[in-house]
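Mind looking over this structure? Questions follow.
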Amino acid sequence: MKTFFKIFLYSFATYIIFSPIRSVSFRWATVAGSILYVLLTLWMLKKYSNQKRRMIYGAIFTGMAFIELPLRIVDFAGTEISFIYCLCILWAFITTILAYEYKNKILIIIGCLIWLLGITKVADRWAEIYNYGKLNKEQTLNVADYSIEDSNKKFKLKELKGKYIVLYFWGSHCSSCFKSFPNLQKMHEKYKNDSTIIIASVFLKNDRKDEDIKTGQKLITDREHDFTVFATDYENPLLDCIEFHVVPTILILDEYHNVIFRGSLNFARTKLEELLHD
């Protein structure tokens with residue numbers, strides 16, 4: 001029991017070390033956590049080689065799950081976005097056990113490939129669904145009669161004429177929005193001569209800060225971007241219609257102003273390319 005408690009403390013300390021990185025990046029926290037738990041497991045197996053390995057594995061897992069498991073049971077919805085990353089750390093631990101027990105290179109390779117797939121493709125897709133949900137293909141979401149504004153006046157979205165219309169919703173408080181502006185600018189430059197495609201940002205004004213469309217335009221020009229800036233406020237019924245939850249949110253509308261995509265910029269670029277090649 002004394003050895004179990006020591007290993008538990010090592011494992012719990014490992015969890016405490018990498019967890020703060022989550023406030024910066026779930027992905028980097030997962031990389032750090034996975035590496036630390038692989039090294040910890042191998043070290044404990046060597047340090048306590050005279051002990052039963054099941055006890056060592058159990059103690060490490062208990063330290064790993066001591067806070068994580070109760071937290072997810074009590075508030076799974078609040079921690080759901082990091083669920084796949086948590087599984088990736090657990091999988092790194094399991095892969096280490098399999099590698100140590102069976103010493104099979106194929107198992108190690110497969111385990112590493114599954115971990116890599118989980119931390120990239122699966123985690124990205126999970127985050128996309130968590131933040132933006134899934135569009136109901138059986139229900140047409142038409143936004144033609146909702147209004148936004150340009151420098152002169154409010155206008156209805158049906159006045160925008162294009163085969164596809166890309167709208168990037170952002171706010172002045174959103175640091176991740178500013179980081180993705182260069183990619184939005186690249187998309188703008190790629191399609192600016194294509195009259196069938198409209199790419200524009202929609203600045204979400206904060207009335208408490210006395211923001212207006214000029215505020216958004218200045219934020220864009222100060223960063224030497226020239227994509228179109230429209231504006232609206234958080235009280236616009238359009239946001240309820242599209243089930244808006246997070247900035248940035250990107251919509252792609254078809255020529256009838258039906259929402260055919262709602263998500264992040266990276267997935268929007270892929271979706272637009274697929275639409276253009278169909």
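Since the model is a prediction, treat every value here as computed from it, not as a measurement. Positions are given from 1 along the sequence.
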* **Y256 atom OH: more than 12 heavy-atom contacts under 6.0 Å** => no
* Main-chain N/O of Y10 paired with T14 side-chain donor or acceptor, under 3.5 Å ->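 Yes, because the side chain of T14 sits within donor-acceptor range (under 3.5 Å) of the backbone of Y10.
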* Quick one: does S19's side chain have a donor or acceptor within less than 3.5 Å of a partner on I16's backbone? -> no
* Asked: Of F181, Y168, F203, which is the lone residue that meets ring pair (Phe, Tyr, Trp, His ring centres under 6.0 Å) with F227?
  -> F181
* **4.5 Å side-chain heavy-atom contact, I252 and V259** => no
* Asked: So, does T62 use its side chain to make a donor-acceptor pair with the main chain of G58 at under 3.5 Å?
  ->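 Checked: pair present.
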* **E255 bridged to K161 by N-O distance under 4.0 Å** =>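 No, this pair does not count.
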* Give, for atom CE of M64 and atom OG1 of T41, the distance between the pair rounded to the nearest 0.5 Å. => 6.5 Å
* To do: Using a strict 4.0 Å threshold on nitrogen-to-oxygen distance, state whether E68 and R22 make a salt bridge.
  => yes
* **Flag if over 12 foreign heavy atoms under 6.0 Å of NZ, K153** => yes
* To do: Check whether any side-chain heavy atom of P248 sits under 4.5 Å from a side-chain heavy atom of S176, and report yes or no.
  => yes
* Asked: Can you list the steps and then say if T120 with R125 is a side-chain hydrogen bond (donor to acceptor under 3.5 Å, both in side chains)?
  -> CA-CA 9 Å; T120 53; R125 196 62 191 163; over 6 Å; no
* Is any side-chain heavy atom of F169 less than 4.5 Å from a side-chain heavy atom of L251? ->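 Heavy-atom side-chain distance check passes, below 4.5 Å.
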* Any side-chain heavy atom of M44 sitting closer than 4.5 Å to one from I60? ->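 Side chain of M44 against side chain of I60, heavy atoms only: contact under 4.5 Å found.
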* To do: May I have the step-by-step check of salt bridge (charged side-chain N to carboxylate O under 4.0 Å, His left out) for K134 and E243, ending in yes or no?
  => CA-CA 10 Å; K134 287 186 176 182; E243 298 180 3; over 6 Å; no
* Hey, does C241 have a side-chain heavy atom less than 4.5 Å from the side chain of V143? ->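 Side-chain contact under 4.5 Å: yes.
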* To do: Check whether the ring centres of F230 and F155 lie less than 6.0 Å apart, and answer yes or no.
  =>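 Distance test on ring centres: under 6.0 Å, yes.
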* Any chance the rings of Y15 and Y37 have centres within less than 6.0 Å? -> no
* **E159 (side chain) donor-acceptor with K156 (main chain) under 3.5 angstrom** =>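 Judged by distance alone, yes, a pair lies under 3.5 Å.
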* Asked: Is there a donor-acceptor pair under 3.5 Å between the side chain of W170 and the backbone N or O of S201?
  -> no
* Asked: Does K190 come within less than 4.0 Å of E273, counting only side-chain N to carboxylate O?
  -> yes
* Is it possible for you to check whether R27 lies under 6.0 Å from the centre of the six-membered ring of Y85, through NZ or CZ, and within 45° of that ring's axis? => no
* Start with the C-alpha distance between T232 and E149, add both sets of side-chain angles, then the distance that settles side-chain hydrogen bond (donor to acceptor under 3.5 Å, both in side chains), and finish with yes or no. => CA-CA 6 Å; T232 190; E149 64 181 90; over 6 Å; no
* Should the pair D145-K158 be classified as a salt bridge under the 4.0 Å nitrogen-to-oxygen rule? ->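 A salt bridge is present here (some side-chain N lies under 4.0 Å from a carboxylate O).
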* Is there a donor-acceptor contact under 3.5 Å from the side chain of D254 to the main chain of H257? -> yes
* Determine whether L276 and I197 make a side-chain contact, defined as any pair of heavy atoms from C-beta on separated by less than 4.5 Å. => yes
* Side-chain contact, heavy-atom cut-off 4.5 Å: L157 with L167? -> yes
* To do: Report yes or no: do F267 and I81 belong to one cluster of Ile/Leu/Val/Met/Phe/Trp/Tyr joined by side chain heavy-atom distances under 4.5 Å?
  =>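 No: no chain of side-chain contacts under 4.5 Å links F267 to I81.
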* **Sidechain-backbone polar pair: D233 side chain, N236 backbone, donor-acceptor under 3.5 Å** =>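 Yes, the answer is positive, given that a donor and an acceptor are paired below the 3.5 Å cut-off.
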* To do: Report yes if some heavy atom in the side chain of I198 is under 4.5 Å from a heavy atom in the side chain of L253; otherwise report no.
  =>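 I198 does not reach L253 side chain to side chain.
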* Asked: Counting only N and O atoms by type, is there a donor-acceptor contact under 3.5 Å from the side chain of R72 to the main-chain atoms of T79?
  -> yes
* Asked: Is the number of heavy atoms from other residues, nucleotides or ligands under 6.0 Å of F61 CZ greater than 12?
  -> no
* Asked: Would Y132 end up clustered with L135 when hydrophobic side chains under 4.5 Å apart are linked, directly or stepwise?
  -> no
* Just checking, K103 and Y100: is the charged tip under 6.0 Å from the six-membered ring centre and within 45° of the axis? -> yes
* Show your working on salt bridge (charged side-chain N to carboxylate O under 4.0 Å, His left out) between E101 and R53 and close with a plain yes or no. => CA-CA 9 Å; E101 293 292 336; R53 293 199 291 270; 2.7 Å; yes
* Please say whether more than 12 non-hydrogen atoms of neighbouring residues, nucleotides or ligands are located less than 6.0 Å from CZ in F66. => no
* Tell me yes or no: between the side chains of T140 and N142, is some donor less than 3.5 Å from an acceptor? =>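 Side chains of T140 and N142: no pair found under 3.5 Å.
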* **D212 (side chain) donor-acceptor with T215 (main chain) under 3.5 angstrom** =>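 The answer is yes, because a donor-acceptor pair under 3.5 Å joins these two groups.
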* Should we say atom OH of Y102 is surrounded by more than 12 heavy atoms from elsewhere, each under 6.0 Å from it? ->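 Open: at most 12 neighbouring heavy atoms sit under 6.0 Å from OH of Y102.
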* Which distance, rounded to the nearest 0.5 Å, do you find between the CG of N266 and the CD1 of I250? -> 8.5 Å
